[in-house]
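Remarks on the structure that follows.
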Amino acid sequence: MKNSLLIIAFLISGFSVLAQDMEYTRKIINEICSAKYYGRGYVNKGDSIAASFLGKEFSAIGLEMYGNTYFQPYTTDINRFAETPVFSFGGTDLVAAKDFIVIPSSPEADGKYKIEWITKETLTNQWVLRHFLSADHSGSIICIDSTGLNNPELYAFANTIFAKNYINAKGVIEGSEHLKYTARTKINDYISIQVKPGKILPETDSVYLKIKNDFVKDYKTQNIVGYLPGKSDSVVLIAAHYDHLGMMGDIMFPGANDNASGVSMVLNLAKHYKKEKKLKYTMVFALFSGEEAGLLGSKYMAGNPPFDLTKVKVMFNFDMVGTGDEGVYMFNAKEYPAVDTLMKEMNKDKEYFEVMTTTGATWSSDHASFFDKGVNAVFVYTDGDNSNYHQPEDIPADLNFAGYKDIYRFVIDFVQKF
Ligand SMILES: [Zn+2]
């Protein structure tokens, strides 16, 4: 009786600790995805508003500073849309971010443009193709007929070729089932638009476009970094990017999974290590900006590290860790046999994850900036329904955190054993 009461008491206290962590996790994610952070991008300085909040969080947790600040400033050029782009044809307005997005490498536009269609014939009849490739398209927008081309591979191939505008058109429309907004530091000489297939049909011979740019040179942004000293000066680097895509005019991209989830993981781990008495390693916690515009913040920190890069034993970069019902990826782990072996042994032993996949080299997130400098850098990502990637629907309410607590436990145990 007494034993079972003890077990119940233990279970309750255990649950309350986890409940507390998830309450904190949700609080952080809800906060930085809210309207006052403008999608943590470049419209209304959303990234800097988020940095100020996260710096205060570092301070509340009790992290040490390098010098007398948590901030590592740097600048970048950036293009932004202060107004929501307009795309219409024949009196029909397409809905921004639902039916179409404008890639922020696009130059300004305001007018009616002729549409030239790439049909099945263009791609399969050599005479038609030859004529098309040699013609002048400088006043036209090129669009691929997704319905007429009922061959997915040919359609994908055509999209790949024409999206890069090798034929010097005024612009290109790329068909895409999953619209993906992005961030860009340069303006191209052609308009680039993604449209959901079927939203614009071959009867359309002209469109109206209004795109208004606000290109900023030397935009000031910043990384955030703090640390906890350990028994040794060997470093474990715990990192995530806190920026997201900001706004396309009035439309906000909150970036809950990408990457408020990763930010909350870094903060949770910082809180954990702050409570530990004697740390085995010096723990460095970094939050990068500029990831979506090309890993800008992590490249800057890897090039200007406030700590000794050669002392980094391992880096964990968390990018999109809010799902996990279909498993967890440890990208890059296979690059380091000691890391890969320990991870697999640990998971076999304690079954943290039903499915854990380790891979070779990837360059798709901030770990790459450190990997390129010779650091053992692992990118942690959860698999599941991530279909809202780079869409306004990437919201906190949709995160199920299926892999979240297991990643947290796994990283703590890994660092202890490594
Ligand atoms: Zn991301």
Side-chain angles (χ1 to χ4, degrees), residues 33 38-43 46 79-89 92-107 109 113 115 117-118 141-147 149 152 155-165 169 171-184 187-188 190-202 204 207-213 243-260 291-294 319-320 322-323 364 384-395 397-399:
C33 292
Y38 302 103
R40 305 185 302 283
Y42 311 94
V43 172
N79 189 34
R80 51 190 187 183
F81 298 132
E83 288 175 17
T84 310
V86 177
F87 180 126
S88 63
F89 60 95
T92 311
D93 279 342
L94 294 190
V95 183
K98 239 188 164 73
D99 300 334
F100 79 96
I101 54 151
V102 180
I103 306 290
S105 59
S106 298
Y113 299 91
I115 291 235
W117 286 90
I118 292 171
I141 308 260
I142 303 299
C143 189
I144 302 161
D145 174 14
S146 62
T147 40
L149 268 179
Y155 180 60
F157 174 71
N159 258 328
T160 312
I161 295 292
F162 291 102
K164 293 281 176 232
N165 194 26
V172 288
I173 294 176
E174 182 193 357
S176 178
E177 204 54 69
H178 292 286
L179 303 176
K180 289 191 282 292
Y181 196 52
T182 180
R184 288 284 184 268
I187 298 181
N188 287 337
Y190 63 94
I191 300 159
S192 201
I193 298 174
Q194 282 182 2
V195 179
K196 284 228 171 127
K199 280 291 166 189
I200 168 167
L201 300 168
T204 316
V207 291
Y208 172 73
L209 279 175
K210 188 169 186 195
I211 304 167
K212 194 153 168 26
N213 284 315
D243 66 297
H244 193 54
L245 303 165
M247 315 271 290
M248 186 170 77
D250 293 336
I251 299 157
M252 185 176 92
F253 292 77
N257 196 19
D258 186 10
N259 187 27
E291 194 269 354
E292 306 288 8
D319 195 354
M320 298 175 68
T323 61
S364 49
D385 182 3
N386 296 341
S387 58
N388 292 337
Y389 177 71
H390 284 203
Q391 293 177 11
E393 290 79 16
D394 180 6
I395 56 171
D398 281 0
L399 303 183

> What distance separates I103 CD1 from M248 CE, expressed to the nearest 0.5 Å?
Replying inline: 9.5 Å
> Where do D93 and S88 come nearest, in terms of heavy atoms and distance?
Replying inline: OD1-CB, 2.8 Å
>> I'd like to check the side chain to side chain donor-acceptor pair (under 3.5 Å) partners of E292; sequence neighbours left out, ordered by chain and number.
In response: H244, H390
> OG of S105 to CG of N213: how many Å apart, nearest 0.5 Å?
Replying inline: 9.5 Å
> Below 4.5 Å, heavy atoms only, C-beta onward: do M320 and D258 meet side chain to side chain?
Replying inline: yes
>> Would you compute the distance between atom NZ of K98 and atom NZ of K196 and round it to the nearest 0.5 angstrom?
In response: 8.0 Å
>> How close do F89 and V207 get, counting heavy atoms only, and between which atoms?
In response: CB-CG1, 3.9 Å
> How many angstroms lie between CG in L245 and OH in Y181, if you round to the nearest 0.5 Å?
Replying inline: 7.5 Å
> Hey, is the main chain of D250 close enough, under 3.5 Å, to the side chain of T84 for a donor-acceptor pair?
Replying inline: yes
> Do the side chains of V43 and F81 get nearer than 4.5 Å, heavy atoms only?
Replying inline: no
> Do the non-hydrogen side-chain atoms of W117 and I144 ever get within less than 4.5 Å of each other?
Replying inline: no
> Which heavy atom in G322 sits nearest to a heavy atom in L399, and how many Å separate them?
Replying inline: O-CB, 3.7 Å
>> Quick one, D319 and E291 - any side-chain contact, counting heavy atoms below 4.5 Å?
In response: yes
> Under 3.5 Å, side chain of D394 to main-chain N/O of F253, donor-acceptor pair present?
Replying inline: no
> If you measure from NZ on K199 to CG on D99, what distance do you get to the nearest 0.5 Å?
Replying inline: 4.5 Å
> Sub-3.5 Å donor-acceptor pair from the side chain of Q194 to the main-chain atoms of K180, do we have one?
Replying inline: yes
> Can you check side-chain contact (heavy atoms from CB on, under 4.5 Å) on L209 and I193, steps first, answer last?
Replying inline: CA-CA 10 Å; L209 279 175; I193 298 174; 3.5 Å; yes
> What are the two closest non-hydrogen atoms of I251 and P392, and how far apart are they?
Replying inline: CG2-CG, 3.8 Å
> Can you find a heavy atom in the side chain of E177 that is under 4.5 Å from one in the side chain of P197?
Replying inline: yes
> Would you say the side chain of P107 lies within less than 4.5 Å of the side chain of I191, judging by non-hydrogen atoms?
Replying inline: yes
> What's the verdict on side-chain contact (heavy atoms from CB on, under 4.5 Å) for Y42 and D243, showing C-alpha distance, side-chain angles and the deciding distance?
Replying inline: CA-CA 9 Å; Y42 311 94; D243 66 297; 4.2 Å; yes
>> Side chains of Y113 and I115, heavy atoms from C-beta outward: is any pair under 4.5 Å?
In response: no
> Considering all heavy atoms of both residues, which atom of A169 and which atom of I142 are nearest to each other, and what is their separation?
Replying inline: CB-CG1, 3.4 Å
> What residues, two or more places apart in sequence or in another chain, satisfy side chain to side chain donor-acceptor pair (under 3.5 Å) together with D385?
Replying inline: S387
> Would a 4.5 Å heavy-atom cut-off, applied to side chains only, mark V195 and F87 as touching?
Replying inline: yes
> With a 3.5 Å cut-off and no angle check, do the side chains of N388 and N257 form a donor-acceptor pair?
Replying inline: no
>> Let me confirm one number: the CD1-CD1 distance from I173 to I141, rounded to the nearest 0.5 Å.
In response: 6.0 Å
> With distance as the sole test, does S192 use its side chain to make a donor-acceptor pair with the main-chain N or O of S106 at under 3.5 Å?
Replying inline: no
> Under 3.5 Å, is there a donor-acceptor pair between the side chain of R40 and the main chain of P254?
Replying inline: yes
> Which heavy atom of P85 sits nearest a heavy atom of A96, and at what distance?
Replying inline: O-CB, 4.1 Å
